[in-house]
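Throughout, a chain's letter reflects where its sequence line sits, starting with A, and its residues are numbered from 1.
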Protein chains: 2
Amino acid sequence: MANAPPPLSPRKTPRQARSKATVHAILEAAARILETQGADAVTTNAVADRAGVSVGSLYQYFPSKEAIFAELIRQMRAQMRDDIFRAMDFVVGKSLSFAMARLVRAVIHHHVHRAHRADALEHLEAQLPPDPDSLAMMSQTRARLALCLTQHDVPQPEQAAEDVLNLIIGMAHPALHDGETDFDSLARRIDPAVLGYLGANVTVS
Amino acid sequence: MANAPPPLSPRKTPRQARSKATVHAILEAAARILETQGADAVTTNAVADRAGVSVGSLYQYFPSKEAIFAELIRQMRAQMRDDIFRAMDFVVGKSLSFAMARLVRAVIHHHVHRAHRADALEHLEAQLPPDPDSLAMMSQTRARLALCLTQHDVPQPEQAAEDVLNLIIGMAHPALHDGETDFDSLARRIDPAVLGYLGANVTVS
DNA sequence: CCAAAATGTGAGCAATGGCTCATGTTCAAC
DNA sequence: GTTGAACATGAGCCATTGCTCACATTTTGG
């Protein structure tokens, strides 16, 4: 009857240094296979093999293959959140256009840094059941941006924060994916789009 | 030695009305399973079952499961291209802002119409080997938009066409996916972003 | 009508891959 | 040392699934 769906959170927390290394190796191996060979190549056997551990060990820490993906996605979302937090902290008190320029470059940098990994992970995320932790991190990211926009008197800052993030990612992601290497040119093309969006709502102060 | 990779094009063209119906039923079944249950649920047996045909028939017309996906993607790209062609034809001689507004609404309409299907297909496309036909259709789409931009003296129209499409899709797609239902509000938020982008390159004439 | 071509069937093969479990090894605490 | 918990192993179970093939049925052309 009560046939609970398998959880996506790690199965057991490692206590010794040895097992921490195991968990790290598993995640790293999964990520590398994902980047280089695509999602279908990420089999539990392949991951364990590449991590230099046995499948049994893998299943001591992750209840399912999907739990590994969920953890990788969590890490990516956390990094993006932190990147954007840093960018927003840096521009406190600066002009809106300066703040947005910084945001644009933070997002581009984030995508460049983890290009293939982030790419594949985002596709995976769409196919997995939504993870509360990941959702929370994205929510925090938007909230921090909304705070910045509020301080510049942008109306409906939550809506604007979401739109602006989608706009930047939507432009940067395909461009970088298609091999765009002139990051500066890309940033300078995104800037006016962001300001154009905000310009409809704010008179530049 | 010469172990050719399985082609993604249909295996045999149906000649009789009966088999045309079979092919159509297979594609429709695959699309419906994809929409409702996700990519992993699309097995050849499930598709044949839902289409009301046998697996054998399926493999008479598609050399592999991926060929079915490739065909669905081709259909989606063709429809998007045609939608945008129609929109661009309609705005010949009109102002740039009018043209862009029309484009924005065409893209939104396209995504609304085939919401879940287009969503899943685009994710699949990233995992499949690139299909020449699909690439050609996207190229034609960009070219048509670039022509429109050229007629409004937008510099670097090819680059701009790509950016504008990415911008519109990038904003519309996540919003619609998150259940946004006020399409008019969405369109009116995208408009200024597009004009902002173009505004950096053109003085409004 | 009748062959030949086109179309359709579905049991089942072969391969894959998620995951378990019986067993062995290392570590920490006393 | 000893003991129990934590950690690791990997052969292999079992379910799934892409796909084939030997055979049946329908359609077409003459």
Within the pair B:Ser19 and C:dA6, is there a side-chain N or O less than 4.0 Å away from OP1 or OP2? no
Can a side chain N or O of B:Thr22 be found less than 4.0 Å away from OP1 or OP2 on C:dG8? yes
With nearest nucleotides of DNA chain C determined for A:Thr44 and A:Ser57 from heavy-atom distances, which residue corresponds to the more 5′ nucleotide? A:Thr44
Please check if atom CZ in B:Arg50 has more than 12 non-hydrogen atoms from other residues, nucleotides or ligands closer than 6.0 Å. yes
Length of the line joining [X]:[atom1] and [N]:[atom2], which is rounded to integer Å:
X: B:Glu66; N: D:dT17; atom1: CD; atom2: C1'; value: 13 Å
X: B:Asp40; N: C:dG17; atom1: CG; atom2: C1'; value: 13 Å
X: A:Lys65; N: C:dT20; atom1: NZ; atom2: P; value: 15 Å
X: A:Asp49; N: D:dA8; atom1: CG; atom2: P; value: 16 Å
X: B:Leu58; N: D:dT20; atom1: CG; atom2: C1'; value: 13 Å
X: A:His24; N: D:dA8; atom1: NE2; atom2: C1'; value: 19 Å
X: A:Lys20; N: C:dT26; atom1: NZ; atom2: P; value: 20 Å

Applying side-chain contact (heavy atoms from CB on, under 4.5 Å) between A:Val42 and each of A:Leu124, A:Leu72, A:Leu34, A:Ile68, report the one that passes. A:Leu34
Given A:Gln75, which partner from the list A:Gln79, A:Arg77, A:Glu71 fulfils the side-chain contact (heavy atoms from CB on, under 4.5 Å) test? A:Glu71
Using a 4.0 Å heavy-atom cut-off to protein, can you give one letter per nucleotide of nucleotides 21-30 of chain D, 5' to 3': B if the base is in contact, S if only the sugar-phosphate is, - if neither? B----BSS--
Can you tell whether the side chains of [X] and [Y] come within less than 4.0 Å, N to carboxylate O?
X: B:Arg86; Y: B:Asp82; result: no
X: A:Arg189; Y: B:Glu162; result: no
X: A:Arg102; Y: A:Asp89; result: no

On DNA chain D, compare the nucleotides closest to A:Ser54 and A:Asn45; which residue's is nearer the 5' end? A:Ser54
Given C:dT7, C:dT9, D:dA8, the nucleotide with the shortest approach to the side chain of A:Tyr61: D:dA8
Compare every heavy atom of B:Ala161 with every heavy atom of B:Ala146, then report the nearest pair and how far apart it is. N-CB, 3.8 Å
Under 4.0 Å, heavy atoms only, any strand: does A:Thr43 hit a base, just the sugar-phosphate, or nothing? sugar-phosphate
